[in-house]
Amino acid sequence: MQRALNVTRERFADWYQAVVRDADMAETSPVRGAMVIKPWGYGVWELLQQELDRRIKATGHENCYFPLFIPLSFIAKEAEHVEGFAKEMAVVTHHRLKNIDGKLVPDPAAKLEEPLVVRPTSETIIGDAFARWVKSHRDLPLLINQWVNVVRWEMRPRLFLRTTEFLWQEGHTAHATIEEAVEETRKMLEVYRSFAEDVLALPVIAGEKPENERFPGAVNTYSIEAMMQDGKALQAGTSHFLGTHFAEAQNIRFQNDSSEMEFCNTTSWGVSTRLIGGVIMTHGDDDGLRLPPAIAPRQIVVVPMLRDKPEDEEVLAYAKSLVEALSSLAAFGYPVRALLDTKKIKSAEKRWNWVRRGAPIIIEIGPRDAAADNITYMRRDDLRDGDKVKSVAISRREFIEEKAVQMLHEIQHGLFCEAKARLDANIKRDVTDWAGVESYFAGSEDEFKGWLRVSWGKPFGAALDAVETRLKALKLTIRNAPLDQPETLAPCIFSGAPGAEEILIGRSY
RNA sequence: CGGAGCGUAGCGCAGCCUGGUAGCGCAUCUGGUUUGGGACCAGAGGGUCGCGUGUUCGAAUCACGCCGCUCCGACCA
């Protein structure tokens with residue numbers, strides 16, 4: 001059977017790389033671990049960014065920009081924070097190069113008095129500003145967000161999922177009370193959940209991270225977890241309640257309405273270009289990427305079937321008017337993004353390029369379509385009937401007036417439902433003891449396993465370390481404790497003690 | 001940084017064991033034939049075989065060193 005890719009999802013890691021490449025999303029760069037995001041991939045990011053930014057602003061946050069460089073001493077202020085990031089920090093030590101013996105090297109005379117780190121995250125540099133901005137309870141809450149690049153020197157990079165430099169959004173807020181800060185943390189988690197599900201068609205489970213998986217310096221960390229087509233979990237977004245840890249380290253204080261000085265409670269939350277990796281691994285198939293229409297840079301692509309003959313002109317004119325009509329429609333609150341592909345390559349080649357890129361609807365227009373006032377379309381979410389590509393002819397008028405927008409919404413919803421069904425079907429709840437966990441995850445790692453939802457006693461300290469070690473031996477981690485917890489709990493799967501909450505266990509990226 | 005594998009034309013690969021100066025498929029270019037849709041015929045262009053050193057009359061092939069990539073570990077949005 002001829003597919004648009006030369007590798008299938010059976011070899012998931014190879015398949016992922018093939019999709020990223022063949023869908024023109026991104027490529028590796030001369031800098032190890034740093035990627036070039038190509039127009040089609042960046043277009044997805046821009047749409048994702050546009051819609052999430054709207055939602056972040058709708059919840060009262062404002063955008064800012066803070067420096068790329070952070071004085072090393074700032075990072076050192078919060079003990080757990082340094083420890084968490086020390087091993088992956090890029091450090092700037094000089095500000096000039098010098099030609100020594102024909103070689104350009106950092107000029108020893110231009111050594112910085114204090115090294116600067118390239119931000120791995122901005123709690124400390126933003127906290128420094130917060131300390132100056134917050135004086136009174138009347139300055140609170142302080143609700144700030146920024147869209148920037150950050151650098152974390154990762155050992156093993158993977159395009160979109162884990163790159164040395166990545167793009168993200170980081171929100172930072174300061175509040176007068178614990179309750180308010182916790183509410184903010186949960187509110188933004190919910191913004192992420194609904195955004196992932198409604199816009200990216202990525203079903204997720206929102207929950208709280210166990211102690212050992214917390215953000216360095218956080219009191220509580222919450223995450224949304226998505227299941228990829230190989231059954232592994234992808235942490236798709238995090239929201240942290242930082243308590244007064246950073247406020248104490250950086251002296252972020254305010255005078256309350258009784259004139260007493262108090263430390264602020266702060267939060268931070270972020271999602272990154274990793275989400276794009278999640279979209280690829282959730283929706284892609286053996287013909288390439290399938291993009292949810294809400295984030296497809298081109299939702300409907302019209303490919304004219306040209307033959308270097310006189311009737312080409314009619315076909316082009318017809319296709320052009322079709323694209324104009326489609327562009328005047330609206331879907332998901334924005335104008336429909338339609339494209340007439342006039343690139344000078346073979347039409348068949350164009351079709352397969354758009355299939356691989358995951359354009360939701362691909363329309364082919366030939367002379368007979370033009371003459372009969374018809375269009376012929378393919379839906380990327382329902383491409384094939386067996387081995388054959390499904391190609392449907394319909395009147396142009398019906399398509400524009402009734403079907404086009406409806407179909408985009410159907411595709412968006414369909415992709416979500418397909419992924420949601422997979423997520424739900426692959427969370428096993430009937431494992432009740434450790435032996436059951438071991439036997440379930442025994443065997444080949446390549447085998448699709450999904451997650452277990454089990455009860456545990458929520459241990460801490462040495463007992464938690466022991467749990468972590470047992471899980472690690474099976475390459476498992478605790479993903480999170482879902483927000484929706486049952487009334488009664490089974491005994492702890494690790495110790496048999498009374499259960500404290502249910503958690504998700506699985507392999508992860 | 002540890003273990004495994006790989007680096008040959010834009011992409012995918014063969015050749016390496018048993019050294020003799022590079023080949024296949026797809027893509028590209030030209031001409032022609034086709035045309036409801038991943039076409040066919042003929043011809044052409046494109047590679048200092050990852051880099052360096054050594055062995056040799058001669059190295060893609062053998063040896064040593066380095067670099068890079070992929071997978072597995074430690075790290076992680």
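Letters A, B, ... are given to chains in the order of the sequence lines, protein chains preceding strands, and every chain is numbered from 1.
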Worksheet item: How long is the line joining CH2 of A/Trp352 and P of B/rC11, in whole Å?
Response: 23 Å

Practice prompt. Describe the nucleic acid contact of A/Lys350 in one word from base, sugar-phosphate, nothing, applying a heavy-atom distance below 4.0 Å.
Written response: nothing

Fill in: Of the listed nucleotides B/rG38, B/rC71, B/rC75, the one nearest the side chain of A/Ala13
B/rC71

Fill in: Candidates B/rC72, B/rC75, B/rA77 - which lies nearest the side chain of A/Met155
B/rC75

Discussion item. Measure CG/A/Asp22 against C1'/B/rA27 and give the value in whole Å, please.
Written reply: 13 Å

Discussion item. Measure CG/A/Leu5 against C1'/B/rC26 and give the value in whole Å, please.
Written reply: 15 Å

Worksheet item: What distance, rounded to whole Å, do you find between the two P atoms, one in B/rG52 and one in B/rC16?
Response: 24 Å

Discussion item. Using the side-chain heavy atoms of A/Arg307, tell me which of these nucleotides is nearest: B/rU35, B/rC76, B/rC71.
Written reply: B/rU35

Discussion item. Between P on B/rC76 and NZ on A/Lys87, what's the gap in Å once rounded to a whole number?
Written reply: 7 Å

Worksheet item: When you look at NZ of A/Lys77, are more than 12 heavy atoms from neighbouring residues, nucleotides or ligands closer to it than 6.0 Å?
Response: yes

Item to complete: Kindly check if the number of other-residue, nucleotide or ligand heavy atoms within 6.0 Å of CH2 (A/Trp147) is above 12?
Response: yes

Response to the item:
Taking for A/Ile345 and for A/Glu213 the nucleotide of RNA chain B with the nearest heavy atom, the one nearer the 5' end belongs to A/Ile345

Worksheet item: Which whole number of Å gives the distance between the P atom of B/rG5 and that of B/rA9?
Response: 22 Å

Response to the item:
Among the nucleotides B/rC75, B/rG38, B/rU35, whichever has the atom closest to the side chain of A/Lys309 is B/rU35

Fill in: Test: A/Arg470 and A/Glu468 ion pair at under 4.0 Å
no

Item to complete: Among the candidates B/rG37, B/rA77, B/rC72, find the nucleotide nearest to the side-chain atoms of A/Asp369.
Response: B/rG37

Practice prompt. Starting from P on B/rG12, measure out to CD on A/Gln17 and report it in whole angstrom.
Written response: 11 Å

Practice prompt. State which of B/rA39, B/rA77, B/rG37 makes the closest approach to the side chain of A/Phe166.
Written response: B/rA77

Worksheet item: Among side-chain atoms of A/Glu154 and A/Thr164, is any donor-acceptor pair under 3.5 angstrom?
Response: no

Practice prompt. Figure out the CZ/C1' separation between A/Arg21 and B/rA27, and round it to whole Å.
Written response: 13 Å

Practice prompt. Please determine, by modelled atom types, if A/His172 and A/Glu170 share a side-chain donor-acceptor pair under 3.5 angstrom.
Written response: yes

Discussion item. Rounding to an integer number of Å, can you tell me how far A/Arg158 CZ sits from B/rC75 P?
Written reply: 17 Å

Worksheet item: To the nearest angstrom, how far is A/Glu349 atom CD from B/rC29 atom C1'?
Response: 15 Å

Worksheet entry | Per A/Arg156 side chain, nearest of listed nucleotides B/rG38, B/rA77, B/rA74 | B/rA74

